[in-house]
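Worksheet: the structure to be examined is printed underneath.
Proteins get letters first, then strands, A, B, ... in listed order; numbering begins at 1 in each. Any value given below was found using the heavy atoms of this structure, including those in side chains, with hydrogens, waters and symmetry copies removed.
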Amino acid sequence: MIRKVKGTRDILPPESRLWQAVEAEAVRTFGAFGYDEIRLPLLEPTELFVRGVGEGTDIVGKEMYTFTDRKGRSLTLRPEGTAGVARAYIENGLGQRPHPLRLFYAGPMFRYEKMQRGRYRQFSQIGIELLGAATPEADVEVLLALHTYLGRLGFDDLVILLNDLGDPEDRAPYVARLKEELGPHREALCADCRRRWDENPLRILDCKVERCREIVSGTTPIAETVSAEARAHVDRVRELLETLGVAVRPAPRLVRGLDYYMRTVFEVVSPALGEHAVICGGGRYDRLIADLGGPAVPGVGFAIGEDRLVDVLPEAYCRRVLEVPFVAVVPVGAAAAAAQALAQRLREAGVRTEVEVSGRSLRAGLKWAAKTGARVAVIVGEDEAARGEAVVRDMAAGEQRTVTVDALVEAVEPLLEADGGADDGH
RNA sequence: GUGGGCGUAGCUCAGCUGGUAGAGCACAGGAUUGUGGCUCCUGUGGCCGUGGGUUCGAGCCCCAUCGCCCACCCCA
């Protein structure tokens with residue numbers, strides 16, 4: 001048997017409906033904020049991510065799907081979306097369009113990681129990027145869009161964690177200060193943190209080991225050391241969010257794994273998935289486009305992990321999406337044509353309608369209709385077809401009546417309105 | 001990359017101290033030749049993850065390998 005590649009997955013019906021719903025809601029919500037979709041290649045020059053995401057990051061250092069093509073060029077399956085957006089901005093001269101630019105994207109990303117729940121090698125992200133505005137108000141818009149989106153999906157327990165990373169110039173002095181403060185405790189840190197000491201000292205702040213947390217809790221938060229401008233920026237973001245009623249929790253030790261972030265950084269974690277399960281991450285990246293050789297255009301955005309989002313979707317929302325009422329048309333005898341014609345009438349009225357096309361007996365046909373969960377069965381035999389009629393059967397109630405073809409839609413529709421929790425269980 | 005758990009039907013699993021493979025659910029048909037969900041009957045479906053070894057004989061024991069899951073790391 002040929003099996004799927006490790007870390008990839010098959011999204012089968014009916015779960016695929018949740019994915020469609022989440023994506024459609026993203027188009028709707030972010031569209032309402034003025035964001036239009038940008039569709040980008042999955043394949044990019046490796047150089048883009050090395051320079052964009054950062055050579056020292058885990059993503060670039062050990063997680064990329066990189067290969068050389070037939071002409072010896074080094075290509076990489078995109079591990080994230082923002083670098084591609086920046087590349088497209090530069091390459092297509094989007095700087096010529098009225099700013100700011102509001103862009104939305106959704107699609108698969110690839111990272112070579114050892115997988116576990118909520119972590120795949122091919123996973124999907126939904127994200128937005130606001131390019132060309134450096135103000136706190138821009139950050140606030142992005143966060144408001146995120147908050148609105150999650151709210152529309154029915155989440156009420158998700159918290160946005162927010163921190164201030166300062167400007168790139170603030171980074172080195174802070175790291176020096178951090179090491180100074182941690183120095184006396186260096187030997188008490190966990191093995192991972194002693195490794196991080198040289199590789200990525202900021203990540204020590206994020207360590208989950210109890211002893212490390214204690215040590216780290218005594219250090220100065222990065223936000224207290226950053227430039228006055230950066231600090232004022234993020235303070236303003238918090239202030240505006242508060243007046244808008246967007247709940248945000250300060251997270252002084254929050255750092256992110258991508259080099260391009262600065263000032264405002266944030267994450268959304270799901271209690272349902274545990275502390276590590278970040279379902280959304282984002283922040284400001286004012287230097288990225290310039291670092292990639294483009295104009296000095298600021299940006300802010302986020303990426304939502306669609307797999308994780310779908311995984312923790314509120315149950316009520318799932319029910320609404322999954323329980324779409326539908327009609328099963330069952331022909332009896334030589335009534336196949338009449339069955340299809342009836343089905344078309346229903347479909348034109350917007351009713352989801354399936355026709356029994358396996359040549360089953362009426363008995364088996366109804367059994368099939370019940371099993372697939374049809375709310376209503378429409379039965380049509382040669383007699384009914386000849387008279388221009390059909391039998392409309394309410395599957396939950398077990399009652400039926402004969403109606404003319406012209407009255408079919410109005411006979412069926414009220415039966416679909418009902419909550420219909422009575423039928424098919426499990 | 002590190003540590004742990006598990007691989008038998010589409011799914012959940014049983015399978016005794018080694019004796020040639022089972023159940024429930026699901027799926028298809030029938031009992032009821034034009035009426036479903038209950039019941040009953042029948043049927044489809046397995047190189048027991050794979051390879052090697054021990055043995056008269058391996059689903060079971062041994063070795064290897066692959067795959068899956070969980071935690072760490074990291075991130076979405």
What is the separation between atom [atom1] on [X] and atom [atom2] on [N], rounded to the nearest whole Å?
X: A/Lys62; N: B/C75; atom1: NZ; atom2: P; answer: 9 Å
X: A/Phe266; N: B/A76; atom1: CZ; atom2: C1'; answer: 13 Å
X: A/Lys367; N: B/U32; atom1: NZ; atom2: P; answer: 13 Å
X: A/Arg111; N: B/C75; atom1: CZ; atom2: P; answer: 9 Å
X: A/Trp368; N: B/U35; atom1: CH2; atom2: P; answer: 18 Å

Which nucleotide in the list [options] gets nearest to the side chain of [X]?
X: A/Leu258; options: B/G30, B/G36, B/A76; answer: B/A76
X: A/Ala364; options: B/A76, B/G29, B/G34; answer: B/G29
X: A/Val332; options: B/G34, B/A31, B/U35; answer: B/G34
X: A/Lys371; options: B/G34, B/A28, B/G30; answer: B/A28
X: A/Val278; options: B/G36, B/C74, B/C75; answer: B/C75

Please classify the nucleic acid contact of A/Arg203 as base, sugar-phosphate, or nothing, using heavy-atom distances under 4.0 Å. sugar-phosphate

Determine the contact category for A/Gly398: base if any of its heavy atoms lies under 4.0 Å from a base atom, sugar-phosphate if only primed atoms, P, OP1 or OP2 are that close, otherwise nothing. base

May I have the step-by-step check of ring pair (Phe, Tyr, Trp, His ring centres under 6.0 Å) for A/Tyr260 and A/Tyr285, ending in yes or no? CA-CA 5 Å; A/Tyr260 53 65; A/Tyr285 50 89; 5.7 Å; yes

Protein-nucleotides 68-70 of chain B N/O pairs under 3.5 Å:
| unit_1 | atom_1 | unit_2 | atom_2 | d |
| --- | --- | --- | --- | --- |
| B/C68 | OP2 | A/Lys6 | NZ | 2.7 |
| B/C70 | OP2 | A/Arg117 | N | 2.9 |

